Amino acid sequence: MSLIDHILDYDSESLSQRLKKMGMPSYLVNQIFDWIYCKRIFDIDQWSNISLTNREKLKSEFSFSIPKIVWNSTSKDGTTKFLIGFKDGHQVEMVIISSLKRRTLCLSSQVGCAIGCTFCHTGTQGLTRNLSTHEVVLQFLLASSWLKDDEGSESKISNIVYMGMGEPLHNFENMKMATKIFLDPKGLGLGQRRITLSTSGLVPQIEKLDEFPPVNIAISLHSANDEVRSELMPLNRAYDIKRLFQAIEKIPLKAFRRITYEYILIRDLNDSEEDIRALVSLLNKKESKVNIIPFNEFPGSRFKKPADALVEWFCESLNKRGLVATVRVTKGDDILAACGQLKSLATKKPSKLPGFSSIES
Ligand code: SF4
C-alpha cells in the first residue's frame, strides 16, 4: 500500500485543514473538489485553473491513483456485478442494482470479512484488510462512470447501500469519512436518506453511532432466537440479542428514523410461526421495518432457499400483526451478485476501464 495519502481520503473540511498545514491556500479545496466530484477529471495535469507549482506540490503529497474494473457481468434482470482491483492486488466486488426509478450501488467496505456468518459466501474467506476511504469513494465514482457510459449521461447512482463485502462498522473511521464525502455538498452531495449502512450487529460500534453521519441503518437480525441467530452469526455469542437491543435503544433515532431489520429467510431454520411470534414480541412496531431476504443458495451452502409461498406467508403474517415487513426481490442470483453471495473471483477476464480520464493504479 502507498504510504502517502490519497486525495480522496479527505472531505472538504479535512482537506482544507491539510492544505493549510502545507501552506497552501484553502480556496484550492473548491477547485480540487470541482475537478474530482463535478467534472470527474482525475488527471491532475488537466487541472488548468491550478498553478503548475501548486499541482506539483499536490502531486508530491497525495496519491491520485484509481483502481481498475477487472471484470464485470450483467445478469438477466439487469443487475451488474463488478470486480475491482486495487494497487496491492486485492479485489472487492460491487453491484449496481437497477429498478425502474433507482440505480442502487451495493459497495464493499473490506477485503473479505471477519464476522463469518454461516450463510454468507463472503464470510467463508475471512478478513484480509479494511478498505481505505478513497477505495470506498472510488467504487461510487467507478460505478457512476460505468453507468454513464452504459446508459447515457442522465443515468446516475441514486442510492448507496453498504452491504457488499465486509462489515462497515468494523471499518468505522474510513466508512465514516467516506460517508461524509458522499454527503458533502462540495463532494457528491447525496441525501442522507439515500445511504444505508448495514451492520451485522457490532455492539461497541453501534453504541458509537452518534458519531456517524445520520444515514439509514439496517441491522442483520435473521432470528429473534439466540440459539438460531448464533448458528447463523457467530457474533451473536459475543453480543446476544438482549445486548444488541440495549445498544440499538441508544441509537439517536430522530436522526436515523426507522431501523430496518434484515431477515434472511431460510427453509426449515427461521421460517416458522414461532419465529414470527418471537419477532413480533422483540421489535418496536413504530420504529422497525423488517426486510425479508429469501436465502440465495451458493455452491457448497448448507442452507436452503425457501419456497415463494412460504416467503409470502411469512411477510403477510408479520404485516397482519402490525410489523411493517417487505420482501426484497432477489436480483442478480444468476451471477452470484445477490446478498451474501459476494466473494471475489480472482481469475476473470478484464473489461475495458470506463470513461475516466484515468491514471491507472
Ligand atoms: S453477511 Fe456481511 S457481516 Fe456476515 S460474513 Fe457476510 S459480509 Fe460479513
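Read the numbers this way: they start at 1 and go in the same order the structure lists the ligands and their atoms. Note: hydrogens, waters and symmetry copies are ignored here, and every other heavy atom, side chains too, is used. A quick note: this is a predicted structure, and the numbers were derived from the prediction, not measured.
If you check the side chains of Ser12 and Asp184, you find a donor sitting under 3.5 Å from an acceptor. Between the side chains of Ser75 and Asp77, at least one donor N or O sits under 3.5 Å from an acceptor N or O.
Taking 2.8 Å as the threshold, Cys113 counts as a candidate ligand of atom 8 (Fe) of ligand 1, since one of its N, O or S atoms lies below it.
Using a 30° and 60° split on the angle between ring planes, Tyr37 and Phe33 fall in the tilted class, from 30° to 60°.
Listed by atom number, the atoms of ligand 1 under 4.0 Å from Gly166 heavy atoms are 7 (S). Applying the 4.0 Å criterion to heavy atoms of Gly116 picks out, from ligand 1, the atoms 5 (S).
The residue among Gly112, Cys117, Ala114 with a heavy atom at the shortest distance from atom 4 (Fe) of ligand 1 is Cys117.
A donor-acceptor contact shorter than 3.5 Å is absent between the side chain of Asp271 and the backbone of Phe314.
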